[in-house]
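Below is one structure, written out as structure tokens; the observations come after it.
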Amino acid sequence: MKSFKFVLITGMLVASHAYANPPVVANARSPVEFDPLYKRTEQLKKDFLECDRLSRRVMLDSDTAAFCSHVTEELRKTSFDGHFETLISWWRLATAR
């Protein structure tokens with residue numbers, strides 16, 4: 001019985017230490033990166049900035065313009081609570097870099 005208590009207490013100490021001090025993994029991704037909405041938002045932002053870059057260089061064809069319009073609307077709705085002004089503020093900061 002004594003050895004069982006020792007094993008149980010040792011196991012609890014090891015588990016609590018591992019929980020309190022998770023191992024550091026090189027290139028570990030944040031838990032938020034596994035969130036589908038996060039991934040979708042990040043992709044929308046990339047697409048939006050690519051549309052912006054492209055539209056500065058060439059006249060967009062109708063399919064690309066429609067795609068970019070859709071991206072803008074989805075980004076505004078999902079990432080900026082529908083506020084176009086907030087999207088524009090983000091865009092200014094993102095393109096100033």
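On a predicted model such as this, the values are computed, not experimentally measured, just so you know. The basis for the numbers below is simple: all heavy atoms, side chains too, and nothing from hydrogens, waters or symmetry mates.
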Nearest 0.5 Å, what's the NE2-CG distance between H70 and L75?
11.0 Å

Salt bridge (Lys or Arg N to Asp or Glu O under 4.0 Å) contacts in which one or both residues fall within residues 67-80, not counting sequence neighbours:
R40-E74, E73-R76

Can I get a per-line list of side-chain donor-acceptor pairs under 3.5 Å for residues 54-63, giving both atom names and the distance, sequence neighbours left out?
from: S55; atom 1: OG; to: C51; atom 2: O; distance (Å): 3.1
from: S55; atom 1: OG; to: D52; atom 2: O; distance (Å): 3.0
from: R56; atom 1: NE; to: D52; atom 2: OD1; distance (Å): 3.2
from: R56; atom 1: NE; to: D52; atom 2: OD2; distance (Å): 3.1
from: D61; atom 1: OD1; to: D63; atom 2: N; distance (Å): 3.0
from: D61; atom 1: OD1; to: T64; atom 2: N; distance (Å): 2.9
from: D61; atom 1: OD1; to: T64; atom 2: OG1; distance (Å): 3.2
from: D61; atom 1: OD2; to: T64; atom 2: OG1; distance (Å): 3.0

Taking only residues two or more places apart in sequence or in another chain, which ones pass ring pair (Phe, Tyr, Trp, His ring centres under 6.0 Å) with F67?
none

Residues passing the salt bridge (Lys or Arg N to Asp or Glu O under 4.0 Å) test with E50, sequence neighbours excluded, are R53

Show the atom names and distances, to 0.1 Å, of all donor-acceptor pairs under 3.5 Å that link a side chain in residues 80-90 to residues at least two apart or in another chain.
from: S89; atom 1: OG; to: E85; atom 2: O; distance (Å): 3.1

Heavy-atom closest pair (L44 atom, V71 atom, distance to 0.1 Å) is O-CG1, 3.6 Å

